[in-house]
Every structure is written in structure tokens, then in C-alpha cells.
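Computed over heavy atoms, backbone and side chain alike; hydrogens, waters and symmetry mates excluded.
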Amino acid sequence: MQRTPRDVAPVKPGPSGPAAPAATAAAPQIQLIPASAEGALDAAEEAVDLLLESGRAPGEVLVLTTGAQHPWAEHELSFGEASYWAQHDAGDDVFYADAALASRAASRPVVVVAVNGGPAGAAATALPLAHSRAGALLIVCGDPQRINSVLGAGV
């Protein structure tokens, strides 16, 4: 599969350059899905659907939002935080969280981030943390210029 610059955000080379392939190989692949802030959540949903259709187990996927929470997270939080985080800890299903809470979320093979607004600096804080939580793949849905400026400087 050939990637185009629009599909993958730039990634800084390792500290030793080409002499450090192990460090580069361990870093998750980064994919960018261009979307407006208003469309980022829908783009993230489509990415999750494609991941599941391609054989990813639901428990391998973490979805973070920088603005309004995903409706699933809002619904589950209505039953209380203990119940909500118990579902996270069980790791049986796709888990949706506000990016501000990402530090509490465990690593998963795939992290999908919807850059759907939020306070100033939300993406700058969320994307490096999401990158650290992604084992194999980080998918970022949002404004490419904004995302590349954060990923280019923060990852």
C-alpha cells in the first residue's frame, strides 16, 4: 500500500538517525484523516468502523476527543465514573474518553484522536500523550495544518 503525504503526518527521526532502526520500528505508525473540527468525531467513527471491519478486536482501540465527548462516553459516565473506568479496565470493547483524561487510560494497540475543538492547546497536550499510548497505530482526525504543527514539534 502506497501512502501519500496527506495520509501520514511527518515524524521526527530517531536521536541517532538511521543507525537506530529498533527505536524507529517500535514507534506507532501515524495516519492523518483530514476533517474539520465539526467533522472530526464522524471521521473517527468511520476509522473505528474500518478498523473493526478489518479484523481489529474492539478492546485494541482507544478513542480520544479534544472537544465534546463521544456520545458513548457521555452515556456511560451517566452511570458513574467507577462503572465507566471498570469498562476501560476490562478492555473488552472500544473505549471512548476525553483527551484530558488520557493519562488515566492504558496503552492500546490503536489510538484514534478526534481533534474536535476544545480549549486552546487541547490538541498540543492530547496528541503527544495519545502517541505514547498507541502501540502500533495512531490515527488523528482533524485539521491537517494544526495536527502537523503539533506532531512535528511534539512527537
Side-chain angles (χ1 to χ4, degrees), residues 3-15 17 20 23-24 26-51 56 58-89 91 93-155:
R3 289 183 255 158
T4 65
R6 152 186 140 105
D7 295 327
V8 180
V11 179
K12 292 194 303 188
T24 304
Q29 177 185 0
I30 300 172
Q31 293 182 348
L32 172 60
I33 299 175
S36 65
E38 297 79 23
L41 195 55
D42 288 337
E45 277 295 311
E46 289 177 27
V48 169
D49 289 345
L50 287 171
L51 288 164
R56 280 276 177 195
E60 294 182 351
V61 181
L62 171 64
V63 179
L64 302 174
T65 56
T66 62
Q69 288 199 41
H70 187 278
W72 180 91
E74 286 180 0
H75 174 75
E76 293 303 319
L77 280 166
S78 72
F79 298 107
E81 284 208 25
S83 172
Y84 172 75
W85 286 105
Q87 290 184 18
H88 167 270
D89 296 341
D93 206 351
V94 176
F95 190 78
Y96 298 85
D98 185 304
L101 304 174
S103 62
R104 186 168 174 185
S107 295
R108 292 206 177 180
V110 180
V111 176
V112 179
V113 181
V115 182
N116 62 331
T125 302
L127 292 176
L129 186 57
H131 186 261
S132 73
R133 295 292 188 265
L137 179 61
L138 172 62
I139 299 172
V140 186
C141 306
D143 175 50
Q145 226 175 6
R146 182 176 179 194
I147 292 165
N148 280 327
S149 70
V150 171
L151 288 176
V155 178

Working note: Val94 + Leu51, criterion side chain to side chain contact (heavy atoms under 4.5 Å, CB included); need CA distance, chi angles, decisive distance, verdict. CA-CA 11 Å; Val94 176; Leu51 288 164; over 6 Å; no
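One finds the CG atom of Asp89 at 7.5 Å from the CZ atom of Arg104 (value rounded to the nearest 0.5 Å). A distance of 8.5 Å separates CG in Leu50 from CD1 in Ile139, rounded to the nearest 0.5 Å.
Residues satisfying the side chain to side chain donor-acceptor pair (under 3.5 Å) test with His88, not counting sequence neighbours, are none. Pro109 meets the side-chain contact (heavy atoms from CB on, under 4.5 Å) test with Arg56, Glu60; sequence neighbours excluded. Annotation: side-chain contact (heavy atoms from CB on, under 4.5 Å) contacts of Ala43 (sequence neighbours excluded): Ile33, Ala35, Cys141. The side-chain contact (heavy atoms from CB on, under 4.5 Å) search around Ala102 returns Leu64, Leu129, not counting sequence neighbours.
For the residue pair Leu138 and Leu127, the shortest heavy atom distance occurs at CD2-O, 4.5 Å. Considering every non-hydrogen atom in both Ala105 and Arg133, the closest pair reads O-NE, 2.7 Å.
Between Pro34 and Ile147 there is no side-chain heavy-atom pair separated by less than 4.5 Å.
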Distance-only donor-acceptor pairs under 3.5 Å for side chains of residues 111-123, two or more places apart:
unit_1	atom_1	unit_2	atom_2	d
Asn116	OD1	Thr66	N	3.0
Asn116	OD1	Gly67	N	2.7
Asn116	ND2	Ala68	O	2.9

Give every donor-acceptor pair under 3.5 Å between a side-chain atom in residues 78-87 and any protein atom, sequence neighbours left out.
unit_1	atom_1	unit_2	atom_2	d
Ser78	OG	His75	O	2.4
Tyr84	OH	Tyr96	O	2.5
Gln87	NE2	Glu76	OE1	2.8

